[in-house]
2 protein chains.
Amino acid sequence: MTKADSPSHEDLMKLDNFLCFAIYSTNHAFTRVYKPLLDELDLTYPQYLVMVVLWEKDDQTVGSLGERLFLESSTLTPMLKRLEGMGYISRIRDRTDERQVRVTLTESGRALREKANNVPYDIAGATGMKPAELVRLKQEIASLRTSLLR
Amino acid sequence: MTKADSPSHEDLMKLDNFLCFAIYSTNHAFTRVYKPLLDELDLTYPQYLVMVVLWEKDDQTVGSLGERLFLESSTLTPMLKRLEGMGYISRIRDRTDERQVRVTLTESGRALREKANNVPYDIAGATGMKPAELVRLKQEIASLRTSLLR
DNA sequence: AGGATTTACATCGCGCACGATTTAATCGGG
DNA sequence: CCCGATTAAATCGTGCGCGATGTAAATCCT
């Protein structure tokens, strides 16, 4: 394929030219880099993301967590039960609207934040990218996500 | 955060500033976009990636598929058994090295390629990006993956 | 007011995905 | 030639992740 041409069909059918596969495999790579760091906190990677959302804003419903993380209640409910079992959060039905479950940090959950302080720096280091590059790439990918969900 | 500063710690702890989350959530978004297209082929998204690898080069071992896709045998073995059950591939122990399993396309597996012809175009369309942009972004993300796995 | 509809979460079944372990085959050194 | 080490898959247990479905509460509508 030359610079001026559109990719040929043969090119498009090669795995290495799939943007989705780049994303897919890089996502797995991130999970592997996070693993040893999160093992210290007894968290999985998705559980860590939930904690990040709660550290940012405590006392949210299952629905609002799902909206933030793009996850369904069928994914979150079991995850939240595990986090509750570990003592990091509590799940309580909302008094005024019993359909909703309010998720709040426990003391232990708030304390965990300090232990997790270094994680973003370690990860940023593993990317080998400069902060400004990271921000730009992140933004590009986020806007791709928006296109896909449109 | 101003243009000249490094991100503050508070910034770094916000979910929206996580490159990993952009990747994670965009990966899920891709899965959703692929779903209706792949339903026609009776394939899941990871199964489709396996088929793409085999369409590119038939007759591979479980190990080489895993190297290509960054997956372990514990993931591939059950997946390959499903694809075999659907009649798209066959799994046969290598005569000369009985430790290896050779994965080859069946006639039905090769035929499926034609039915899948339009998929890359539909996906490219859903990204809303120009071919050249797609290639550049894909390359950037692939090199990020390389850094992470180093 | 009260039945129909909508909303929020939970449950279930299925398919990844991995680490740890197991099994079987091959390789290598003495 | 044989026994220990290595290699390739498979197996097992755990945790996402989703769509379809269920359940109960809130809301809507006349």
Side-chain angles (χ1 to χ4, degrees), chain A residues 20-21 24-36 38-39 41-51 60-86 89 91-103 149, chain B residues 20-21 24-36 38-39 41-51 60-86 89 91-103 149:
Chain A
C20 64
F21 176 67
Y24 168 86
S25 52
T26 304
N27 183 47
H28 293 162
F30 263 121
T31 304
R32 275 166 212 160
V33 174
Y34 267 105
K35 178 89 170 53
L38 297 183
D39 278 351
L41 313 177
D42 274 308
L43 291 176
T44 66
Y45 175 55
Q47 286 167 4
Y48 170 69
L49 294 177
V50 169
M51 295 303 289
Q60 300 198 50
T61 64
V62 173
S64 69
L65 292 175
E67 219 171 294
R68 202 88 179 70
L69 293 161
F70 303 94
L71 295 175
E72 307 297 320
S73 74
S74 47
T75 301
L76 280 170
T77 298
M79 256 180 73
L80 294 171
K81 284 184 176 174
R82 275 175 219 115
L83 288 170
E84 186 180 40
M86 293 186 280
I89 64 166
R91 300 160 56 249
I92 298 167
R93 290 260 160 209
D94 190 309
R95 281 271 191 296
T96 66
D97 184 346
E98 292 272 348
R99 290 173 306 179
Q100 297 185 112
V101 167
R102 306 213 66 90
V103 179
L149 295 178
Chain B
C20 62
F21 175 67
Y24 168 87
S25 51
T26 304
N27 183 47
H28 293 162
F30 263 121
T31 304
R32 276 167 212 160
V33 174
Y34 267 105
K35 179 89 170 54
L38 297 183
D39 278 351
L41 314 176
D42 273 309
L43 292 176
T44 66
Y45 175 55
Q47 286 167 4
Y48 170 69
L49 294 177
V50 169
M51 294 304 289
Q60 299 198 51
T61 64
V62 174
S64 69
L65 291 175
E67 220 170 293
R68 203 88 179 69
L69 294 161
F70 303 94
L71 295 175
E72 307 297 320
S73 74
S74 47
T75 301
L76 281 170
T77 297
M79 255 179 73
L80 294 171
K81 284 184 178 174
R82 274 174 220 117
L83 287 171
E84 187 180 38
M86 291 187 282
I89 64 167
R91 299 159 58 249
I92 298 167
R93 291 259 163 210
D94 190 307
R95 281 273 189 294
T96 68
D97 184 346
E98 292 272 350
R99 291 172 306 180
Q100 297 185 108
V101 167
R102 306 212 65 90
V103 180
L149 295 179

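Numbers restart at 1 for each chain; the letters A, B, ... are given by sequence-line order, proteins then strands. Given the structure is predicted, the values throughout are model-derived calculations rather than measurements.
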For A/Tyr48, enumerate each residue passing the ring pair (Phe, Tyr, Trp, His ring centres under 6.0 Å) test, keeping only those at least two apart in sequence or located in another chain.
A/Tyr34
Sorted by chain and residue number, the side-chain hydrogen bond (donor to acceptor under 3.5 Å, both in side chains) partners of A/Thr26 (sequence neighbours excluded) come out as none
Select base, sugar-phosphate, or nothing to describe what B/Thr61 touches, counting heavy atoms under 4.0 Å on all strands.
sugar-phosphate
With sequence neighbours left out, write down each residue that passes salt bridge (Lys or Arg N to Asp or Glu O under 4.0 Å) with B/Lys35, or none if nothing qualifies.
B/Asp39
Rounded to the nearest 0.5 Å, how far apart are CZ of B/Phe21 and CG of A/Leu49?
7.0 Å
Quick one: which protein N/O atoms are closer than 3.5 Å to N/O atoms of nucleotides 11-16 of chain D? Pair and distance per line, please.
unit_1, atom_1, unit_2, atom_2, d
D/dT11, OP2, B/Lys81, NZ, 2.5
D/dC16, OP1, A/Thr44, OG1, 2.8
D/dC16, OP2, A/Gln47, NE2, 2.9
D/dC16, OP2, A/Arg82, NH1, 2.5
D/dC16, O5', A/Arg82, NH1, 3.3

Polar-atom pairs under 3.5 Å, protein N or O versus N or O of nucleotides 2-6 of chain C: list them with distances, or write none.
none

For A/Arg99, give me all partners under salt bridge (Lys or Arg N to Asp or Glu O under 4.0 Å), at least two apart in sequence or on another chain.
A/Asp97
With sequence neighbours left out, the residues meeting side-chain hydrogen bond (donor to acceptor under 3.5 Å, both in side chains) with B/Arg91 are B/Glu84
Under 4.0 Å between a side-chain N/O of B/Arg93 and OP1 or OP2 of D/dA9, yes or no?
no
Pairing residues for B/Val62 by the side-chain contact (heavy atoms from CB on, under 4.5 Å) criterion, not counting sequence neighbours:
B/Ser73, B/Leu76, B/Leu80, B/Val101, B/Val103
Side-chain donor/acceptor pairs under 3.5 Å, residues 64-72 of chain B, sequence neighbours excluded:
unit_1, atom_1, unit_2, atom_2, d
B/Ser64, OG, B/Gln60, OE1, 3.1
B/Ser64, OG, B/Thr61, N, 3.2
B/Ser64, OG, B/Thr61, O, 3.1
B/Ser64, OG, B/Thr61, OG1, 3.4
B/Arg68, NH1, A/Asp16, OD1, 3.1
B/Arg68, NH2, A/Asp16, OD2, 3.4
B/Arg68, NH2, B/Glu56, OE2, 3.0

